[in-house]
2 protein chains.
Amino acid sequence: MTKQMSKPAGRPRRFDPEKAIAIAQQLFHEHGYDAVGVADITRALGIKPPSFYAAFGSKAELYSRVLDRYACTGAIPLQDFLRADTPVAEGLAALLEEAARRYAADPLATGCLVLESTRSNDQGVREAAGVFHINAEEEVRAFIAARHPEDAERLADFVSTAMSGLSARARNGQSLERLLASARLAGDALRQALPG
Amino acid sequence: MTKQMSKPAGRPRRFDPEKAIAIAQQLFHEHGYDAVGVADITRALGIKPPSFYAAFGSKAELYSRVLDRYACTGAIPLQDFLRADTPVAEGLAALLEEAARRYAADPLATGCLVLESTRSNDQGVREAAGVFHINAEEEVRAFIAARHPEDAERLADFVSTAMSGLSARARNGQSLERLLASARLAGDALRQALPG
DNA sequence: GATATTCTGTAGTAGACGCTACATAATATT
DNA sequence: AATATTATGTAGCGTCTACTACAGAATATC
């Protein structure tokens with residue numbers, strides 16, 4: 001049974017807000033929050049500022065929607081890699097390889113949108129992205145802690161550092177092959193640190 | 001024989017340009033190029049914009065001077081770590097530990113000024129920092145290639161990725177201890193990749 | 001002392017930024 | 001058809017940015 005929405009009164013929108021968020025996501029991912037102006041967004045959407053603000057409230061609120069969308073559609077599904085039936089080191093190594101692949105998948109929108117956003121000049125954006133970042137880190141830490149509690153913090157830190165490095169290098173234009181080689185080396189370090 | 005500079009004609013400066021560059025370096029390192037305005041700089045220096053522009057030309061030119069200064073005084077002296085009489089893996093591992101230490105040394109000016117500058121919104125700044133970045137990478141690559149030519153690119157990439165990750169994590173406020181632990185894990189990966 | 005040179009502060013410039021007041025157009029409900 | 005509601009475009013708000021025209025102050029040389 002599909003949700004039956006009654007049509008709202010008033011003049012209908014000329015654009016689809018969900019598609020608009022997708023377009024904005026591409027822009028933000030490509031150039032970063034600070035470098036994308038409201039004028040860039042409205043131009044890309046073919047609308048004028050008042051329509052933009054009526055629909056999204058502010059640039060910051062739109063970015064929050066973009067982050068939510070990224071978490072659902074663009075980010076790495078951690079639970080697919082961090083499974084109880086997978087050896088810890090193997091799961092983490094596979095996660096790093098997947099990161100390399102995703103960060104270089106779209107040559108325009110490189111790196112991790114969340115990781116890059118934690119370094120915006122806008123404090124609100126940093127904090128919003130920080131929540132996603134911390135949640136992901138905690139998921140990794142808990143996955144390790146289930147079988148190697150002593151090593152959880154240290155190895156989760158290493159995974160985070162590796163992913164931040166991969167994201168940064170992807171944004172510097174590094175090729176998928178070289179990114180993957182670095183990810184594999186980091187994976188080897190984890191296998192060595194967690195024998196068995 | 002010290003260079004004898006004849007005093008220039010005209011009204012003398014009320015401030016020392018070298019000290020000004022040092023102060024600007026601290027500001028830029030702390031907040032990033034984009035987030036530091038000319039007004040912030042002139043306020044910190046106790047001068048007015050015309051004095052600033054007469055002395056440095058533009059914000060971008062000042063930043064170039066800051067990068068030069070950083071290369072001389074703040075950056076890691078690679079040649080001290082990458083010596084022909086040091087085992088390759090040991091040299092690289094020591095380099096990564098030193099990076100962790102430097103990136104967290106000043107709790108306000110965290111990370112690597114060059115690495116962080118490669119992600120500015122200003123293209124000129126990205127390019128200027130990119131030159132320093134590429135030169136450093138090549139130095140690392142050549143150090144490895146002297147004894148392990150097959151592995152040089154792959155391992156140099158890994159070192160760069162690790163340093164980028166360390167710089168990013170330092171800027172996220174990670175403590176020296178945790179930064180060091182990640183650096184040591186990365187160093188172990190290098191020792192494993194280069195037995196002997 | 002006269003002049004040239006250089007630095008100084010006052011007070012701006014033009015342009016980009018995020019954002020909005022307002023009148024009008026397009027729809028649903030009555 | 002009348003009304004309420006919502007979206008739209010025009011035009012522009014105030015603020016911030018990097019940067020500068022200009023006149024006066026402080027020094028060197030002549």
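Residue numbers begin at 1 in each chain, while the letters A, B, ... track the order of the sequences.
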Result block: side-chain N/O donor-acceptor pairs under 3.5 angstrom for residues 84-92 of chain B, not counting sequence neighbours:
| unit_1 | atom_1 | unit_2 | atom_2 | d |
| --- | --- | --- | --- | --- |
| B:Asp85 | OD1 | B:Arg83 | NE | 3.3 |
| B:Asp85 | OD2 | B:Arg83 | NH2 | 3.3 |
| B:Glu90 | OE1 | B:Arg191 | NH1 | 2.7 |
| B:Glu90 | OE2 | B:Arg191 | NH1 | 3.2 |

Across nucleotides 18-28 of chain D, 5' to 3', mark each nucleotide with B, S or - according to how protein heavy atoms within less than 4.0 Å reach it.
SBBB--BBBBS
Any pair counted as salt bridge (charged side-chain N to carboxylate O under 4.0 Å, His left out), so long as it reaches residues 28-46 of chain B, sequence neighbours left out:
B:Asp40-B:Arg43
Could A:Arg65 and A:Glu61 be called an ion pair, given the rule that one side-chain N must be under 4.0 Å from one carboxylate O?
no
Taking only residues two or more places apart in sequence or in another chain, which ones pass side chain to side chain donor-acceptor pair (under 3.5 Å) with B:Glu153?
none
SB check A:Arg169 B:Glu137 (cutoff 4.0 Å):
yes
Linking directly or through intermediates, with side-chain heavy atoms under 4.5 Å: list the remaining ILVMFWY members grouped with A:Leu27, chain and number order.
A:Phe15, A:Ile21, A:Ile23, A:Phe28, A:Tyr33, A:Val36, A:Val38, A:Ile41, A:Leu45, A:Ile47, A:Phe52, A:Tyr53, A:Phe56, A:Leu62, A:Tyr63, A:Val66, A:Leu67, A:Tyr70, A:Leu113, A:Val114, A:Val125, A:Phe132
Can you confirm whether A:Gln79 is buried at CD, in the sense that more than 12 heavy atoms of other residues, nucleotides or ligands lie under 6.0 Å from that atom?
yes
Is it true that B:Asp151 and B:Arg154 make a salt bridge, defined as a side-chain N closer than 4.0 Å to a carboxylate O?
yes
Starting at CG of A:Asn121 and ending at P of D:dT17, how long is that distance when rounded to a whole Å?
11 Å
Expressed in angstrom and rounded to an integer, what is the separation of A:Ile47 atom CD1 from D:dA7 atom C1'?
10 Å
How close or far is atom C1' of D:dT6 from atom CZ of A:Arg14, stated in whole angstroms?
15 Å
Which part of the nucleic acid does B:Phe15 contact within heavy-atom distance under 4.0 Å: base, sugar-phosphate only, or nothing?
sugar-phosphate
Please find the earliest and latest nucleotides of DNA chain C, in the 5' to 3' direction, that have an atom within less than 4.0 Å of any heavy atom of chain A.
C:dG18 to C:dA28
